[in-house]
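Counting convention: from 1, in listed order, for ligands and their atoms alike.
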Amino acid sequence: MALKSLIEEAAFRAFSEAGLPRETPTGLKWSARPEFGDLQINGVMGAAKQLKQNPRELAEKVLQNLPIGEGLIAKAEVAGPGFINLHLDSQAISEDCQKLLSDPRLGVEQPTKQQRVVVDYSSPNLAKEMHVGHLRGTILGDAVCRALEFKGHKVVRQNHIGDWGTQFGMLIAELQATQTQEQISAGIALSDLEVFYRQAKEHFDADPEFADLARNNVVKLQAGDGECLALWQHFIDESLNHAEDNYHKLGVSLTREDVRGESAYNADLEPLVSELIERGIAVEDQGAQVVYLEELADKEGNPSVAIVQKADGGYLYATSDLAAIRYRVNELQADRCLYFIDARQSLHMKQVYAVARKAGWAPESVQLEHCSYGTIMGEDGKPFKTRSGDTVKLADLLNEAVERANEIVAEKNPSLSQQDRDTISLAVGIGAVKYADLSKARTTDYRFDWESMLSFDGNTAPYLQYAGTRIHSLFEKAGEELASFEANIGVEQTAERALALSLMRFAESLDQLAESAMPHDLCSYLFDLAGKFATFYEACPILKSEVDATTRASRLALAALTSKTLECGFEILGIQSLKRM
Ligand code: ARG
């Protein structure tokens, strides 16, 4: 068991021996500053308040019941209004780190209850190419999937692509009007989806006959017309190929198997709405079928209105989301459903969840979470656009990242071969874009800034990747094998102790991410760890001749554990680590 868990148990015992009711939270936390000890028990004040006792006296009582000097806690003192500061036994820290060094899970415990977590992410609309607006959902969702899997949950990825709707009638009409069968099979027309879409739209606006054809295609598609469906399928396949190029470049783990788009629910929509009507959950309002949601009423008490079928009989985005919930709960057996979707769709998600709860399609035991995210802004503080005001294509953005990284890498290390430089630039450029995003609080907007994300200083991918390479070159100089290195660890120096304590906190950071679905906490953790390592590396010589063999080995072991922890963190964030750069 991890050291902190052992102390938590000891604290619970001390609480009960001090006369506190069972289950009183101990408020055990890692201390923010070394002068407050290594860990703090912060729960005494709250408990004292409830029991109307003097908090400092109660803290003294708890302290007397803590196992001090028995191998876990070296000393403890009551501070301020009733905090208890704990100083860990150095030997216990050493042993904990040593255990971590040979543990591929780095201290992360299996969940008490394994969950099936369905994660809806990326989910682009396929009529057009992926743009910068798809970046956040794609990489945040992917990082969270990896974190949940590492923790030991079962993850089912769902790419809920927008592959249905009236635009497809228009796009098919454009294929029919401009392409021969050979050209269609060669996929030439769709090499640039943006251009193709624009062309179709112009055609549609200018030519009423074409517009009729397009509308007719929508009807035919819905009726299952063979030719229309084949063209639609062709379009979707090509568009998915484009999306997968981006996934590949980004190192995102989504595959074709994870695709289950809006069209997959077509057959469910009619019976779904009928059921809502029969059960009196949906009612008619101006020809449309709607659900009134008192639980989402506005300040004046007017219920929120969720439309599930339009007056013309058509279904909506919300209707397929309801069908998707049923599928996820019934077929995929979800215990928890996460949706990585733009914050602007938050009312939509609330309505969908509320209807699903009302209809009993998502029982209360299934968690439904909208993992919303903010917008990427440009330098001007408005949503990020190209200079000419167009949306930024994701593929262009990623290419630019790699090009920019290439220049920086060439400048930092001119002696690299072309091939090495290319591999490193790819890792650094893509890593920089991803990390800049993952390290920001998920729910807020942020400004896209090439310079800061590619900087080798600060909380960036290049900084952390570089920190990682320093450990690899340390091991190369030492003539030792990093991956299998083991030795007795000692933590006498302040910097050694601070590094060790940071290493012991990885598991907690991962647990937090699996719970909150917010990757930025793990980023902050890794940044802090890299900083602790830098201080240690400066203060504690390793390969100098005056360093004795035991100390050398111990410090190398701390360095090896740092490397493993950083790399495991990168792996979870989906960022490539490097051996040199
Ligand atoms: N295709 C939608 C869009 O681009 C996002 C879909 C998100 N997932 C969902 N289940 N609604 O805005």
Separation between CG of Leu213 and CZ of Phe204, rounded to the nearest 0.5 Å: 10.5 Å
Near-ring test Tyr353/Tyr339, centroid separation under 6.0 angstrom: yes
Validation row, ring centre Phe527 to ring centre Tyr463 under 6.0 Å: yes
Point-to-point distance, once rounded to the nearest 0.5 Å, from CD of Gln115 to NZ of Lys154: 13.5 Å
Protein residues having a heavy atom less than 4.0 Å from any atom of ligand 1: Asp120, Ser123, Asn125, His160, Tyr317, Asp321, Tyr339, Ile341, Gln345
Parallel, tilted or perpendicular: rings of Phe456 and Tyr466 (30°, 60°): perpendicular
Salt bridge flag under 4.0 Å for residues Lys201 and Asp205: yes
